[in-house]
Amino acid sequence: MIPSLLVANRGEIARRIIRTARRLGVRTIALQSEVDTGLPYVAEADESVALSSPRDFLSIDAVLAAARDTGAAAVHPGYGFLSENTEFARRCADAGLVWVGPSAEAMELLADKAAARAHMAAAGVPVLPGTSGLASADEAVAAGADLGFPLMVKAVSGGGGIGMGIAHDPVSLQRAARTALSRGGGAFGDARILLERYVPRARHVEVQVVGMPDGSVRAFGERDCSVQRRHQKVVEECPSPAVGAALRDRLCAAAVRAAESVGYRNAGTVEFLLDPATEEFHFLEVNTRLQVEHPITEQVHGVDLVELQLRIASGEDVPADFPAPRGHAIELRLYAEDPVRFLPRPGRITEWVEPNGVRVDAGYAANTEVSPHFDPLLAKVVAHGADRADALARARRAVAEFVVRGPQCNLPFLAELLDSPEFSSGTYDTGVVDRITARRKEN
């Protein structure tokens, strides 16, 4: 096992990685900016390094300097920040650091949605009709005339839903293309876009994969991530209410094929768009890192995905057999945001009381500050039950019991969602949040 680990992240995911690493006897090193003083992850690490500014979480030079100065043997990037930055992975290797993630070569191929889409089609993984590598709005409009509408417009690079938009005609395609070109270029330095056939009433379903040291790939079932606002996930569950045993086998087989085709090692997620009416699914992308929603897979499948990541990166053997899936899990993302318009609301937390009977992966506590410099995710509430009804009841109870005072948070929205007939029945799709907020306005 690696002797020491620099966690190139902050908040709840840094805390979660540190917890497993310390259990395995690994010395942990945290990074902190001036706004992170007093956060739990800093106190729980064996050592911390002060960065000169919050922006340094995105500075390869600053992170590598911290690793060098502390004698770290390995780097875990968590999610966000530099986690899917190919140059960072390569420079870690060049510096003699163990990279806790897939190879830089696999990351590079999969980071480019256009290249990944073409690669997966060649590997026999289903992809939506579309076109990629477009460099202008006029090119998009010309391609759209051949593809037909409606269409989804995406930036070729990056994630987080940045630049995504739906076009129903040439005029809206021109507008959506310009937005994606601008935001993709600004956020990721890549102004290319791609078009894909838009699937109404679709569900966003993803498969957790782990590339093992022997070259095999293991799939740990699927997660449903269809509850989204502005193309960003808010609630996830495992398994998906829309997926039966036969469809699950097909999804997992496709995900394994996708990962094997790039020689994938370590943990990753293969994302699909599912039409529940036809049970047809199509490849979206591969996230070459640990996902925010990984705890629900851990709860259902009885694994510690961070432990697997660390063992694989260390070159250790991992178990050949894993526990059978058990029960159902729902994850709720607790944000410091206006529960109506979903706008960030940073500030000082004056009271913080976590509910009992559920897993809470929290980045904050009472008397800590939510900074405007970072994503406003406060915590993840993970309810695990014998079945979906049990997990849903536990999730409702947890939301009712959770107390956060100081900044506004989205607990009222989460309660509204959990009580909505659409979510309760399990028949929702990616438009569920928009429909709930539209009904609220009508009333």
Inset, instruction - Count the heavy atoms of every other residue, nucleotide or ligand shown that sit under 6.0 Å from CG of Asp387, and state whether that count exceeds 12. - result: yes
Inset, instruction - State whether Phe374 and Arg10 meet the cation-pi test: NZ (Lys) or CZ (Arg) under 6.0 Å from the six-membered ring centroid, and within 45° of the perpendicular axis. - result: yes
Inset, instruction - Begin from the C-alpha positions of Thr269 and Glu206 and carry the test side chain to side chain donor-acceptor pair (under 3.5 Å) through to its verdict. - result: CA-CA 6 Å; Thr269 300; Glu206 62 187 28; 4.9 Å; no
Legend entry - Ion pair Glu307/Arg19, N-O distance below 4.0 Å: no
Legend entry - Check ion pair Arg16-Asp304 (N to O, under 4.0 angstrom): yes
Legend entry - Considering all heavy atoms, the nearest Gln32-Ser48 contact: OE1-OG, 3.1 Å
Inset, instruction - Check whether more than 12 heavy atoms from other residues, nucleotides or ligands sit under 6.0 Å from atom CZ of Arg23, and answer yes or no. - result: yes
Legend entry - Aromatic Phe413 / basic Arg341 pairing, under 6.0 angstrom, 45° off normal: no
Inset, instruction - Could you check Arg223 against Glu237 for salt bridge (charged side-chain N to carboxylate O under 4.0 Å, His left out), going step by step and ending with a plain yes or no? - result: CA-CA 6 Å; Arg223 299 184 287 252; Glu237 58 181 316; over 6 Å; no
Inset, instruction - Classify the side-chain pair His373/Ser33 by whether it contains a donor and acceptor separated by less than 3.5 Å. - result: no
Inset, instruction - Please step through salt bridge (charged side-chain N to carboxylate O under 4.0 Å, His left out) for the pair Asp112 and Arg192, ending with a clear verdict. - result: CA-CA 10 Å; Asp112 185 319; Arg192 294 172 302 147; 2.7 Å; yes
Legend entry - Main-chain N/O of Ile17 paired with Thr20 side-chain donor or acceptor, under 3.5 Å: no
Legend entry - Donor on one side chain, acceptor on other, Gln208 and His294, under 3.5 Å: no
Inset, instruction - Flag the pair His384 / Arg359 as yes when at least one side-chain heavy-atom distance between them is below 4.5 Å, and no otherwise. - result: no
Donor-acceptor pairs under 3.5 angstrom involving side-chain atoms of residues 57-71: please list them, not counting sequence neighbours.
{"from": "Ser59", "atom 1": "OG", "to": "Ala62", "atom 2": "N", "distance (Å)": "3.1"}
{"from": "Asp61", "atom 1": "OD1", "to": "Arg91", "atom 2": "NH1", "distance (Å)": "3.0"}
{"from": "Asp61", "atom 1": "OD1", "to": "Arg91", "atom 2": "NH2", "distance (Å)": "2.6"}
{"from": "Thr70", "atom 1": "OG1", "to": "Ala66", "atom 2": "O", "distance (Å)": "2.7"}
{"from": "Thr70", "atom 1": "OG1", "to": "Ala67", "atom 2": "O", "distance (Å)": "3.4"}

Legend entry - Arg90 (side chain) donor-acceptor with Asn85 (main chain) under 3.5 angstrom: no
Inset, instruction - Report the C-alpha separation of Ser226 and Asp429 in whole Å, then their side-chain angles, then the decisive distance to 0.1 Å, and conclude whether the side chain to side chain donor-acceptor pair (under 3.5 Å) test is met. - result: CA-CA 6 Å; Ser226 302; Asp429 56 56; over 6 Å; no
Inset, instruction - Check for a donor-acceptor pair, side chain of Tyr335 on one end and backbone N or O of Asp338 on the other, with a separation under 3.5 Å. - result: no
Legend entry - Salt bridge Arg15-Asp361, side-chain N to carboxylate O under 4.0 Å: no
Legend entry - Test applied, side-chain contact (heavy atoms from CB on, under 4.5 Å); reference residue, Leu274; option that passes from Val243, Val199, Asp224: Val243
Legend entry - Modelled atom types, side-chain donor and acceptor of Gln309 and Arg311, under 3.5 Å: no
Legend entry - Any side-chain donor near an acceptor of the partner, Thr427 and Arg201, under 3.5 Å: no
Legend entry - Ion pair check, Glu293 and Arg333, cut-off under 4.0 Å: yes
Inset, instruction - Check step by step if salt bridge (charged side-chain N to carboxylate O under 4.0 Å, His left out) holds for Arg27 and Asp46. - result: CA-CA 6 Å; Arg27 179 171 68 92; Asp46 295 301; over 6 Å; no
Legend entry - Within 6.0 angstrom of Arg55 CZ, more than 12 heavy atoms from elsewhere: no
Inset, instruction - Compute both the distance and the angle, then confirm whether Arg203 meets the cation-pi test with Tyr428: under 6.0 Å from the six-membered ring centre, within 45 degrees of the axis. - result: yes
Inset, instruction - Look at Glu285 together with Lys154 and state whether they make a salt bridge at an N to O cut-off of under 4.0 Å. - result: no
